[in-house]
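One structure is given here, and the rest of the page talks about it.
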Amino acid sequence: MRSPDVVARELLGKTLVRVVDGERLEGIVVETEAYYGKGDPASRAYKGRSKYNTAMWEVPGRLFIYNVHKYLMLNVVAHVPSGVGGVLFRAIEPTFGLDAMMRRRPVIDMRELTSGPGKLSLALGVTRELNGVHVTDTGAPVHILDAPPVLVYGTSHRIGVTHDLPDELRFYVNGNRFVSR
DNA sequence: AGGAAGATCTACT
DNA sequence: GTAGATCTTCCTA
């Protein structure tokens, strides 16, 4: 229940957990981006509320999933009360269940496994049915485990957006191999 | 109904 | 570094 940019920073270092087909997959969040609502031309909420993006207006802490090209983007809803916004997971450092991730996304170079929003969705077996799942519920098929905040981190403009805001809304763990670029 | 654009990725130069 | 694949949503007619 805070601004997307605050949540995006504080998600760095937390553990993203995915339970699928009886297997547990884990990774440390190393790259995120913040998206606002009206006023943010890069946001999926920019053009107003419709069926597919309605999660961005609703309860913070739930997943928001949508596609770009052939891939699914994994987001968590984040905003102050009665606000609009979300945080995109752009990269994780895989820490558990690597073999199961490799099955879903075979790669030679491990660095390619989860170093991008579309890549991590494939590796973690993300599907549209996960829309609306609460990430604070440790019994959920996708949830997040708390960890000490990463105090020093890098920032940049968001990647791949055609109309960005003046602020730098991409956050990443300095020097981590799994950061997308 | 049709076409364009997009928070991407891969393959090839 | 650039081109092309590919799927959902949105805009216009």
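So that the names make sense, note that chain A is the first sequence line, chain B the second, and so on, each numbered from 1.
Listed nucleotides: C:dC10, B:dC9, B:dA7. Nearest to the side chain of A:Lys119: B:dC9. Nearest nucleotide to the side chain of A:Lys70, out of C:dT8, B:dG6, C:dT6: C:dT6. The A:Ser43 side chain lies nearest to B:dA7 when the options are B:dC9, B:dA7, C:dT8. The side chain of A:Glu112 sits closest to B:dT10 out of B:dA7, B:dT10, C:dC10.
The phosphate of C:dC10 has OP1 or OP2 within less than 4.0 Å of a side-chain N or O from A:Ser50. The side chain of A:Arg105 contributes an N or O atom lying less than 4.0 Å from OP1 or OP2 of B:dT10. An OP1 or OP2 oxygen of B:dT8 is reached within less than 4.0 angstrom by a side-chain nitrogen or oxygen of A:Arg90.
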Pairing string of DNA chain B (Watson-Crick or G-U wobble, both atom distances under 3.5 Å; | = paired to other strand) is ||||||.|||||.
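A stacked arrangement is not assigned to A:His69 and the six-membered base ring of C:dT6, the conditions of a centre distance below 5.5 Å and an interplanar angle below 30° not being jointly met.
Not counting sequence neighbours, the partners of A:Phe64 by the ring pair (Phe, Tyr, Trp, His ring centres under 6.0 Å) test are A:Tyr66.
Here the C1' atom of nucleotide B:dA7 and the CG atom of A:Leu72 are 13 Å apart, to the nearest Å.
Between A:Glu10 and A:Arg2, some side-chain heavy-atom pair lies under the 4.5 Å cut-off.
Rounded to whole Å, the separation between the P atoms of B:dA7 and C:dG1 comes to 22 Å.
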